[in-house]
Amino acid sequence: MTAKSDMRMIVKRHFNPAFKMLEKIVETCPDDLWNSKIEKVPFWQQIYHAVTGIDFWFREGGEFTVPKFSKDITEDLSKESNTF
């Protein structure tokens, strides 16, 4: 194995469990926490930021585009939520 393939295996071994934890947080997070603010930013926006970063760093090709899942909510990120 080359150093590059060794590094990919190491990253994959650590990334997959971390991504599964993030996925579980999204699935099980109570609404009051989901909408609560941490450092003036709603928790859900921090998760969105993490997922967008994953999409950026693990994209194929060379150009970054706004993720497909976010095209409809990008403008709403700075709006105040009145849900809770």
Side-chain angles (χ1 to χ4, degrees):
M1 286 193 162
T2 66
K4 187 175 184 179
S5 63
D6 287 346
M7 184 62 137
R8 285 182 181 169
M9 287 177 58
I10 292 168
V11 169
K12 185 177 181 179
R13 184 174 65 224
H14 291 277
F15 174 77
N16 287 342
F19 190 77
K20 286 291 184 191
M21 284 188 274
L22 181 63
E23 187 175 46
K24 187 154 182 90
I25 288 169
V26 170
E27 291 172 354
T28 62
C29 186
D31 288 343
D32 57 334
L33 176 59
W34 187 255
N35 291 301
S36 68
K37 291 187 178 181
I38 302 167
E39 297 292 325
K40 299 182 182 180
V41 179
F43 182 70
W44 70 265
Q45 281 188 11
Q46 295 182 38
I47 298 294
Y48 176 82
H49 177 77
V51 173
T52 303
I54 290 167
D55 188 61
F56 176 80
W57 290 109
F58 290 92
R59 71 192 182 279
E60 291 187 28
E63 292 189 33
F64 175 71
T65 57
V66 175
K68 293 177 185 127
F69 61 82
S70 69
K71 290 188 186 296
D72 296 332
I73 66 167
T74 305
E75 294 177 16
D76 291 330
L77 289 175
S78 62
K79 292 181 182 176
E80 186 75 27
S81 174
N82 294 324
T83 306
F84 292 90

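Basis for what follows: all heavy atoms, side chains included, without hydrogens, waters or symmetry-related copies.
- Partners of I47 by side chain to side chain contact (heavy atoms under 4.5 Å, CB included), not counting sequence neighbours, listed by chain and number: L22, I25, V26, W34, F43, V51.
- K24 meets the salt bridge (Lys or Arg N to Asp or Glu O under 4.0 Å) test with no other residue; sequence neighbours excluded.
- Of the possible polar contacts, none joining the Q45 side chain to the N35 backbone as a donor-acceptor pair under 3.5 Å is found.
- Every residue two or more places apart in sequence or in another chain that forms a side chain to side chain contact (heavy atoms under 4.5 Å, CB included) with V11 is listed here: M7.
- In this structure, the separation between NE2 on H14 and CE on M9 is 11.0 Å, given to the nearest 0.5 Å.
- Contacts of P17 classified as side chain to side chain contact (heavy atoms under 4.5 Å, CB included), with partners at least two apart in sequence or in another chain: none.
- The distance from atom CZ of F19 to atom CE of M21, rounded to the nearest 0.5 Å, is 12.0 Å.
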